[in-house]
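Working notes, structure below.
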Amino acid sequence: MNQEGMFKPAVIGGVLLGILSALPFVNLMNCFCCAWVIAGGVLAAHLYVRNSPTVVTLGQGIVLGLLTGIIGAAVDILFSIPVRIMLAGVGSGFMQQFLDQIPNLPPEMKEQMRTALSGTVGIASWIFSGFLILVVYALIGMLGGAIGVALFEKRKPPATAAEIYQPPTVPPPSQPPTAPPPPPIQ
Amino acid sequence: MWVSWFADEPRGPALTYPTDSSNSNGCRFFLSALWGCLCAGIVAAPLLAAHSHPGAAGVLYLFFSPVCHQIPERSFSLAGHAFAVCHRCFGIYLGLFLGSLPAPAAYCNILSPRWRRTWVLAATAPLLFDALLPFFGLGANTLWSRLASGLVFGIMVSSLLVCGIVELWHEAPWSKTRCCDSHVNGGRS
């Protein structure tokens with residue numbers, strides 16, 4: 001497995017998915033089957049397949065997607081910090097909007113979260129949410145990597161021993177030598 | 001471009017590792033357990049919310065919030081509360097779980113590069129059409145179309161994951177198959 005060659009495509013795919021997942025409004029695409037995360041994994045797989053001298057297997061695609069998801073989660077968390085700082089100046093309205101984006105959240109939980117996120121406990125909840133994003137992006141990234149390899153890898157995988165080994169063919173039974181014709185009687 | 005995708009196809013086996021070994025079944029069970037737990041969490045969230053466990057329910061809703069819009073009108077409901085994900089996402093997770101149940105040999109020995117690509121495109125197209133048609137005003141999707149398109153997509157992704165995890169396991173340094181089976185290296189030990 002060409003691990004060194006995996007790093008660059010994973011960084012490219014991860015940075016792209018992280019930035020797109022951190023931008024307000026643009027990150028709403030992730031609500032549609034984690035589109036950006038899968039796209040990041042597919043992009044990383046495409047870059048890796050294009051530059052790999054050997055056949056890329058689905059397993060390598062999964063590892064690549066996992067790496068891409070982890071990098072993307074880190075970039076998303078880092079990029080969301082200035083976004084949250086900017087929006088924190090808006091006041092408690094942002095908190096209300098954030099909690100309202102989760103429609104099925106029980107009211108008691110919303111109140112607890114509003115209290116938790118507004119104080120020093122907010123740091124712990126921020127770390128917890130970052131951990132959740134890391135896990136989810138890593139899992140979904142694996143899917144993207146596998147899909148990307150399946151789409152872009154066209155080369156034939158290594159042959160099995162059964163294909164390389166050719167059993168000796170049994171030669172046909174040789175014909176008995178025919179006797180030369182008798183000399184003409186003089 | 002599209003013709004070249006399907007033309008000049010290398011023919012050959014899809015997977016060179018044994019798919020009926022205990023390691024392969026272990027990979028399959030691990031994936032089944034993972035997706036099964038996620039499906040259980042999706043269904044457990046409304047039950048917990050209905051039985052006065054808002055904290056646990058809230059954690060589950062939070063866990064799935066980065067990957068789903070969780071609109072109640074587009075989600076199944078149980079005990080008066082919505083599932084933790086929408087119809088389409090629930091179909092995907094259910095497909096992931098159902099797709100991990102068959103033995104790896106059911107997928108890995110038939111998914112050549114050509115059929116793999118066809119399988120991915122055939123399973124992704126319904127999902128894309130179902131999701132994008134309302135945006136272009138060409139039609140409206142229904143509960144069953146969202147669920148079915150997500151289910152097919154999930155089964156496809158699960159089939160790729162099963163084969164990939166089996167390959168990874170057999171390529172691992174600690175795997176006996178890697179060192180002992182000559183066919184892993186194409187007949188060369």
Side-chain angles (χ1 to χ4, degrees), chain A residues 1 21 27-28 30-35 37-38 55 57-63 65 73 76 101-113 125 128-129 132-133 135-137 139-140 142-165, chain B residues 5 8-16 34 45-46 49 54-55 57-58 61-72 75 81-84 88-89 92 111 113-114 116-117 119-121 124 127 131 150 153 156-157 160-161 163-171 182-187:
Chain A
M1 190 180 301
S21 298
N27 61 3
L28 292 176
N30 270 339
C31 290
F32 295 100
C33 311
C34 315
V37 186
I38 291 181
V55 176
T57 62
L58 281 173
Q60 294 171 358
I62 288 174
V63 172
D76 182 9
Q101 284 177 6
I102 311 173
N104 300 322
L105 205 57
E108 304 87 353
M109 189 68 180
K110 274 189 187 176
E111 193 54 42
Q112 290 176 9
M113 287 187 61
S125 62
F128 178 69
S129 67
L132 280 183
I133 288 175
V135 170
V136 170
Y137 280 24
L139 281 178
I140 306 295
M142 284 195 320
L143 311 188
I147 291 173
V149 168
L151 280 176
F152 297 113
E153 183 56 83
K154 299 181 189 178
R155 291 169 290 188
K156 183 179 175 181
T160 59
E163 290 179 341
I164 292 175
Y165 176 68
Chain B
W5 263 38
D8 191 22
E9 294 302 326
R11 303 203 180 267
L15 191 63
T16 59
L34 174 66
Y61 285 121
L62 261 180
F63 179 79
F64 289 102
S65 64
V67 299
C68 183
H69 50 71
Q70 295 176 318
I71 297 175
S75 306
H81 295 266
F83 276 15
R88 186 175 292 117
C89 289
I92 292 175
L111 286 180
R114 173 186 185 180
R116 221 164 45 185
R117 229 172 9 259
W119 177 217
V120 169
L121 292 173
T124 307
L127 185 80
F153 182 77
M156 179 273 293
V157 174
L160 297 180
L161 278 181
C163 294
I165 297 287
V166 168
E167 288 177 7
L168 264 183
W169 186 263
H170 286 91
E171 287 175 2
S182 61
H183 71 265
V184 169
N185 294 318

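Naming convention: chains lettered A, B, ... in sequence-line order (proteins, then strands); numbering from 1 in each chain.
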Just verifying a value: how many Å separate B/Cys89 SG and B/Gln70 CD, rounded to the nearest 0.5 Å? 9.0 Å
Could you pull out the closest heavy-atom pair between B/Phe153 and A/Ile147, with the gap in Å? CZ-CD1, 3.9 Å
Rounded to the nearest 0.5 angstrom, the SG-CD1 distance for A/Cys34 and A/Ile140 is 4.0 Å
Any chance you could lay out the side chain to side chain contact (heavy atoms under 4.5 Å, CB included) test for A/Ile62 and A/Val149, step after step, and finish with the verdict? CA-CA 9 Å; A/Ile62 288 174; A/Val149 168; over 6 Å; no
Chain A contact via B/Phe64 - side chain, backbone, both or neither, heavy atoms under 4.5 Å: neither
Look at B/Thr124, B/Val120, B/Ile92, B/Leu127 and state which one has the largest set of heavy-atom pairs under 4.5 Å with chain A. B/Val120
Taking every non-hydrogen pair under 4.5 Å, which of A/Gly61, A/Ala150, A/Gly65 racks up the most with chain B? A/Ala150
